[in-house]
Structure formats: structure tokens, C-alpha cells
Amino acid sequence: MAGILILGTGLAGYTVARELRKHDASTPLTLVTLDDGAYYTKPMLSNALSQDKTADALVQQSAEAMGRELDARIRTRATVASLDTGARQVCLASGESLAFDRLVLAIGATPIEFTYEGDGASDVMTVNSLADYARFREALEGVDRVALIGPGLIGCEFADDMAGSGRSVEVIGPDAYPLGRLVPEAAGRALQRGLESSGIHFHLETVVTRIDREGDGYCLHLKNGDQVRAGVVLSAIGLRPRTALAAAAGLEVNRGIVVDRYLTTSVDGIHALGDCAEVEGQVLPYVMPILRAAPALGRTLAGEPTAVSYPAMPVRVKTPSHPVMVSPVSPNARGQWSVDEVGEGVKALFHGDQGRLLGFALTGQEATRDHQALTRQLPTIL
Ligand SMILES: Cc1cc2nc3c(=O)[nH]c(=O)nc-3n(C[C@H](O)[C@H](O)[C@H](O)COP(=O)(O)OP(=O)(O)OC[C@H]3O[C@@H](n4cnc5c(N)ncnc54)[C@H](O)[C@@H]3O)c2cc1C
């Protein structure tokens, strides 16, 4: 029996393995990962600098310990290069093949990269793994000014974290205000004020055109004519689900790897969850959807087909200078925002045409306290 093969040891891969083992202690289980397989909480990556945490300090369990806990074989530093759905096997970059009866794709997302002019462009950093964080932390040694490209959710978190670690931060992006794609303007501006009060400086409605090396650091040229000097440049312009492996194998992919509510791809016995997956049209690259999907898939893999359901799942933006809770509104939703100032922040509610609450953006200590009561009023997602 070839057993169950899980590609990926992030939150999705490890959580579904744990859920499977609650119902099935004996099916042979193998997990494969590009990295060292250490178990850690990825959201900590954008909160760790201000707490002076090293990458090692973020590790909760080693791959060996996870292998023992799960009674599984964990293949670390192994890249899956191709998938043969007919032969039911994957091929590693080393040439070795691994057979499976059932396969789970939990291969996450990859940072979107942008090509800039200039000899400093190739030094732009991204942080989406423990190893990235270790490199980033090392690069920041002795650096007191950082340029951050991308004023979205993860960009704002990194900006606040770097400010909290005593560095000055220059945030650059085309949006009119931070979190421009998630919240209405009043909420974004309230966050901007909170971050500015921590010394963060914004260059909005403009983009980086060129990055030149200059002394020990970089000079970023912006389209509006400004120049920004910094010792390190971090990009946080978004993540894209890893779909290439699935697409090359002939699985249906759209924005993510397409799965139904059973987390099953277009090929029976092959499943996907986490940042790589598009569940009934929804790509939700956050922790809560994984914590809902993994128990369902664990049961399905153990022989009890179980559909996933998604309640409303607001996201906390970890910006201690000005906390934010957001329940994003679907781009197709019809309705309008109403905004009230609450303390130093805002309470922005989106009501649909029928009067139902469909989303919210709460900013500041006082307004964010209401998030649980409001979440109870939201419709389920799936
Ligand atoms: C800085 C940061 C802060 C965040 N903060 C929050 C937050 O506050 N709240 C929240 O809800 N969400 C947050 N998120 C999102 C959340 O962390 C992710 O949704 C979640 O961790 C994704 O888990 P995953 O297992 O799907 O993917 P990943 O953790 O990316 O795991 C992917 C795995 O696949 C493996 N892999 C990929 N390709 C291959 C291959 N070809 N062969 C073998 N293995 C492969 C990798 O090695 C890895 O083990 C944050 C994300 C980041 C980057």
C-alpha cells in the first residue's frame, strides 16, 4: 500500500496530517517539503522583530519530532518536480519517484515578484518562510532605515514590526491609502495615522521604478520623482497560489488549484487545501480557512467524506500601533459602507442592498472590541 502523500509541511500540510491521525492511526503517511520541515506559526514572521526573536526561536517542533508525533515519514529539502496522476506518483527533482494512493497538495503560495530597473533590484527581499525570515533578520543587522514596497495587510504588519524594533520605515505603494484593497478609505487613513505616529513614513499613489545600490544601501527612485534611501528593501506586494505543479499535471487550476467542498481536485483522490487552493471559487490565504478545511479533509482521507464549511472569518491585522479587524467584502457584493469615528479609529460597516451586514473594517483599540458581536451577524462564506 503506497498510502497517503502530503506535499507541504506548512500549517495546511501538518494540520491535515494531525487531523487524519485522529481517525486513522495506521495508513502509511509521507510528507514532503522544500524546507527543513520545522513546524512554526507563519503569522509570527511579521511580528517577531520587535520581540527580538530569531528564526530558531520561532520553531515549535523539528521535522523529526513531527515525524514521531504523526507516525509519518517526513522528506525534508526535497522538491517535487512533477506529478503523474495516471501512474499515481510524484517525481522529486533528484529523480526519485514517490507513489501514493491519495495525494494532498498543501504547497502554499509564492511571493509576487516585480522586476525593477537598477543594479539593486535583485537584492529586494521577501519573507514567506522561516529561512526567508532568518536572511531578512541578518540583513537588518546594523540597518536603521528600511524601504517596504506594498502597503497591504502583510506590508503594514512588517512596517509596524520594524518600527517597533527601532527602525525608520518608508512604505511605498500605488494605493491611495494602506489596506486599499480590503477596507474603505476612512479605515485605511485611520491605520495610516496610527502607523505614522509610530514614525512610519508613506509614499502613496506612486511606484518604485528603479533601485540602485548606493554605499552600503540602496536608492529607490519613485515615479513621482521622490527618492528613498534605505539599507534593506522588503517587498510585500502579495502572494500567488502555487499552481504550476498541478497545472502541468492536468489538474484544473484557476487563481488557485480548483477544489470542491470536499477539497477534491478535478482528479479523484487528489486533494488541495491552504494557500494553494481555490475552494468553490474562494482563495482565502489565511489561517482560519486552513483550520476549517483540515478537519474535514482529515475525515475524508480516513474514509468519511466530509465537506468543509466556512463561517465568516475576520482577519486580525497585527499592527499594535493601530490594531485592525477586517471582514473583507466580496468584490461582487452590492451595498454601501457606513463609517463612524470611534476613539482614535473607525467602525466601518458594509450593508448589502437588503440591509444585511456583509463585512466590516474596525480600527483602533476601541472599535476592534466589537468584532465578535459583528461577526455573529455576518453570513457564512461556504
Ligand atoms: C508574514 C505573514 C504573516 C501572516 N499573518 C497572518 C495572520 O496574522 N493571520 C492569518 O490568518 N494569516 C496570516 N498569514 C497567512 C498564513 O500564514 C498562511 O495562510 C498559512 O500559513 C499558509 O499555510 P500553507 O501550509 O498553505 O502554506 P505554506 O506555509 O507556504 O507551506 C507550503 C509548504 O509547501 C512546501 N512546498 C512548496 N512547493 C513544494 C514543492 N514543489 N515540493 C515540495 N514541497 C513544496 C513548502 O516547503 C512548505 O512546506 C500570514 C502570512 C505571512 C507570509
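All ligand and atom numbering here is 1-based and tracks the order in the structure. Only heavy atoms go into these numbers, but all of them, side chains included; no hydrogens, no water, no symmetry mates. All residue numbers in this chain count up from 1 along the given sequence.
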Enquirer: Among pairs that include at least one residue of residues 347-366, which meet salt bridge (Lys or Arg N to Asp or Glu O under 4.0 Å), considering only residues two or more places apart or in two chains?
Expert: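 Listed by first then second residue: R334-D353, K347-D370.
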
Enquirer: Please tabulate, line by line, the atom pairs linking an N/O of ligand 1 to a protein N/O at a distance below 3.5 Å, with the distance in Å to 0.1, or answer 'none'.
Expert:
| residue | atom | partner | partner atom | Å |
| --- | --- | --- | --- | --- |
| ligand 1 | 5 (N) | K318 | NZ | 2.9 |
| ligand 1 | 8 (O) | K318 | NZ | 2.5 |
| ligand 1 | 11 (O) | V287 | N | 2.8 |
| ligand 1 | 19 (O) | D275 | OD1 | 2.7 |
| ligand 1 | 19 (O) | D275 | OD2 | 3.4 |
| ligand 1 | 19 (O) | P285 | O | 3.1 |
| ligand 1 | 19 (O) | Y286 | N | 3.4 |
| ligand 1 | 25 (O) | L11 | N | 3.2 |
| ligand 1 | 25 (O) | A12 | N | 2.9 |
| ligand 1 | 26 (O) | D275 | N | 2.9 |
| ligand 1 | 29 (O) | K42 | NZ | 3.2 |
| ligand 1 | 30 (O) | K42 | NZ | 2.9 |
| ligand 1 | 34 (O) | A106 | O | 3.4 |
| ligand 1 | 41 (N) | V80 | O | 3.1 |
| ligand 1 | 42 (N) | V80 | N | 2.9 |
| ligand 1 | 44 (N) | L34 | N | 3.4 |
| ligand 1 | 47 (O) | T33 | OG1 | 2.8 |
| ligand 1 | 47 (O) | L34 | N | 3.1 |
| ligand 1 | 49 (O) | T9 | N | 2.9 |
| ligand 1 | 49 (O) | T9 | OG1 | 3.4 |
| ligand 1 | 49 (O) | T33 | OG1 | 3.0 |

Enquirer: Quick one, V90 and D84 - any side-chain contact, counting heavy atoms below 4.5 Å?
Expert: no

Enquirer: Out of the candidates T33, L92, L34, L5, only one should pair with V80 under the side-chain contact (heavy atoms from CB on, under 4.5 Å) rule; please name it.
Expert: L92

Enquirer: Could you please spell out the steps behind the salt bridge (charged side-chain N to carboxylate O under 4.0 Å, His left out) verdict for R75 and E96?
Expert: CA-CA 12 Å; R75 300 288 307 262; E96 187 187 348; 2.8 Å; yes

Enquirer: Please enumerate all residues that pass side chain to side chain contact (heavy atoms under 4.5 Å, CB included) together with R145, with sequence neighbours excluded.
Expert: S168, E170, A230

Enquirer: With sequence neighbours excluded, tell me which residues meet side chain to side chain contact (heavy atoms under 4.5 Å, CB included) with R242.
Expert: I107, T110

